Amino acid sequence: RYAEEGEALLRQLLDADTPRMPAENVAFFLDGENDRGAPAPGIATRVFNAGEALLTARGVTPLVTSHRASDATIDVDNAVRELLRWASSGKRRAVDGRRHLGIMLASSAEALLELLPELEKTLAAVRADGAPHTRYGTFSTNELDRLKTVELRWAAISTYRTEGLPESLAALPLYDRIDEGKTVKRRHGQELLLASPMPNPASEPRAKLVAEYVDQLARHGAGAPQSALGLEAYVVARLFVKALEHHGRGLTDEGFINSLETLKVDLGLGITYGFAPSSHQASTSSWGLRLGESGAWTSVGKLPDGNS
């Protein structure tokens with residue numbers, strides 16, 4: 001499902017957010033090389049391939065950068081260097097005097113937590129009439145002026161949620177940044193967009209499925225709080241029960257598998273869950289959460305897909 005999440009996040013940046021993100025202003029930060037020098041496979045590749053296809057259709061070849069990892073260290077210097085050079089280029093389009101740059105994330109959480117604060121603090125130093133550290137190269141006056149107008153907008157797939165990214169970002173100290181001539185305290189990762197396979201229950205209280213989940217949680221949850229993860233577990237249980245009902249008596253392994261693979265059901269969230277012999281993923285829908293100035297995550301609703 002991560003390819004679909006990556007595409008949905010990118011469509012949110014390009015087509016739904018305000019202001020819209022110019023397609024030429026999107027870059028990818030992916031899993032880097034391991035200590036044997038081979039590219040790390042898997043999720044990052046799927047996220048990038050989906051995003052690249054969408055951007056290529058719009059006439060854009062995105063920047064792709066990564067970290068370098070060994071057993072003991074994670075090195076993001078090259079990624080910061082490449083992103084600064086890319087951001088300072090006249091090819092990045094400004095909207096209302098700001099260069100809104102989208103960084104699509106599909107790396108380890110550890111690598112992201114090295115990159116994100118370093119890039120944000122470096123850009124904050126440039127805004128204060130400083131310059132990036134010399135290890136990142138030298139920049140012309142025009143390039144530095146462009147860097148002063150950069151607004152980063154991070155977008156992360158749902159794996160970061162289970163890797164503790166929200167808690168890790170909350171633990172980072174605030175940093176100083178000049179906004180409209182004033183020095184303000186800012187949270188690292190502010191405005192980061194995080195994908196989720198389920199909505200925050202508090203954001204969809206009228207949905208039939210959410211209302212049922214909240215009711216069952218109150219009855220049997222022993223005081224557990226509402227959460228998107230809890231709602232996801234509830235959906236899994238409901239699908240299991242629906243498959244048993246669909247099968248009927250005389251349960252067998254093959255019969256139950258066939259029941260699942262022919263199941264199509266709307267549980268009350270406005271989407272159809274279903275499997276097939278060639279697809280064991282019940283849904284490709286994603287919802288978005290955004291990190292606010294206070295550190296709270298707010299819902300942005302269902303993320304757009306190719307049919308939106």
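This one's a predicted model, so the numbers in the text were calculated from it and none came from an experiment.
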SB check D15 R58 (cutoff 4.0 Å):
yes
Polar side-chain atom of N200 near backbone of A202 as donor-acceptor pair, under 3.5 Å:
yes
CG on D305 to CZ on R11, rounded to 0.5 Å:
7.5 Å
Does the gap between the ring centers of F48 and F29 come in under 6.0 Å?
no
Donor-acceptor check, side chain of K264 to backbone of F275, threshold 3.5 angstrom: yes or no?
yes
On the ring face of Y136, is R85 found with NZ or CZ under 6.0 Å from the centre and within 45° of the axis?
no
How many angstroms lie between atom CG of L269 and atom NZ of K302, to the nearest 0.5 angstrom?
9.5 Å
I'd like to know if D176 pairs up with K185 as an ion pair, taking the criterion as any Lys NZ or Arg NE/NH1/NH2 lying under 4.0 Å from an Asp or Glu carboxylate oxygen.
yes
Under 3.5 Å, is there a donor-acceptor pair linking the side chains of W154 and E120?
yes
Donor-acceptor pair, N25 side chain versus R92 backbone, under 3.5 Å?
no
Taking every heavy atom of M198 against every heavy atom of A228, the minimum-distance pair comes out as CB-O, 3.6 Å
Can you name the closest pair of heavy atoms from P62 and L55 and give their distance?
CB-CD1, 3.7 Å
Does the side chain of N49 pick up a donor-acceptor pair with the side chain of R46 at under 3.5 Å?
no
Hey, could you give me the CD/CG distance between E118 and L83, rounded to the nearest 0.5 Å?
11.5 Å
Side-chain heavy atoms of L9 within contact of L193, under 4.5 Å:
yes
Quick one: do R81 and D77 make a salt bridge, cutoff under 4.0 Å?
no
May I ask you to decide whether E191 forms a salt bridge with R153, counting only side-chain N to carboxylate O separations under 4.0 Å?
no
Any luck finding a side-chain donor-acceptor pair between S158 and E5 under 3.5 Å?
yes
Under 6.0 Å from the CG atom of D215, do we count more than 12 heavy atoms belonging to anything else shown?
yes
Note: V47 and F28 closest approach over all heavy atoms is O-CE2, 4.2 Å
Point-to-point distance, once rounded to the nearest 0.5 Å, from CG of L194 to CG of L291
9.5 Å
For L30 against S66, the heavy-atom pair lying closest together:
O-CB, 3.3 Å
With a cut-off of 6.0 Å (strictly less than), are more than 12 heavy atoms of other residues, nucleotides or ligands near NZ of K148?
yes
Under 3.5 Å, is there a donor-acceptor pair linking the side chains of E261 and H280?
yes
Answer yes if L174 and L192 sit in the same cluster of Ile, Leu, Val, Met, Phe, Trp and Tyr residues linked by side chain heavy atoms under 4.5 Å apart, and no otherwise.
no
Nearest 0.5 Å please: distance from the CG atom of L116 over to the CG atom of L169.
6.0 Å
Atom CG of residue position D253 - does it have more than 12 heavy atoms of other residues, nucleotides or ligands inside 6.0 Å?
no
Do the side chain of R127 and the main chain of I178 share a donor and acceptor less than 3.5 angstrom apart?
yes
Would Y160 and S107 count as a side chain to side chain donor-acceptor pair (under 3.5 Å) if you check the C-alpha gap in whole Å, the side-chain angles of each, and the deciding distance to 0.1 Å?
CA-CA 9 Å; Y160 290 105; S107 69; 3.3 Å; yes
Cluster overlap L119 with L172, hydrophobic side-chain contacts below 4.5 Å
yes
Would you say R99 and T149 are linked by a side-chain donor-acceptor pair, where the criterion is simply a distance under 3.5 Å?
yes
Is E151 paired with R177 through a side-chain N to carboxylate O contact shorter than 4.0 Å?
yes
Is the closest basic N to carboxylate O distance between E293 and R186 below 4.0 Å?
no
Would the distance check show the side chain of S259 and the main-chain N or O of G255 forming a donor-acceptor pair, the cut-off being under 3.5 Å?
no
For the CG atom of L63 and the CD atom of E24, what is their distance to the nearest 0.5 Å?
13.5 Å
Residues V64, E82; criterion side chain to side chain contact (heavy atoms under 4.5 Å, CB included); working and verdict:
CA-CA 9 Å; V64 184; E82 290 185 339; over 6 Å; no
Mind listing the closest non-hydrogen atom pair of P199 and E204 along with its distance?
CB-CG, 3.6 Å
Minimum-distance pair of heavy atoms, taken over all atoms of I157 and G6
CG2-N, 4.3 Å
Looking just at side-chain N and O atoms, do H246 and T262 make a donor-acceptor pair shorter than 3.5 Å?
yes
Step through the shown structure and confirm whether more than 12 heavy atoms of other residues, nucleotides or ligands are within 6.0 Å of CZ on R135.
yes
Can a donor-acceptor pair be found between the side chains of Y2 and T45 at a distance below 3.5 Å?
no
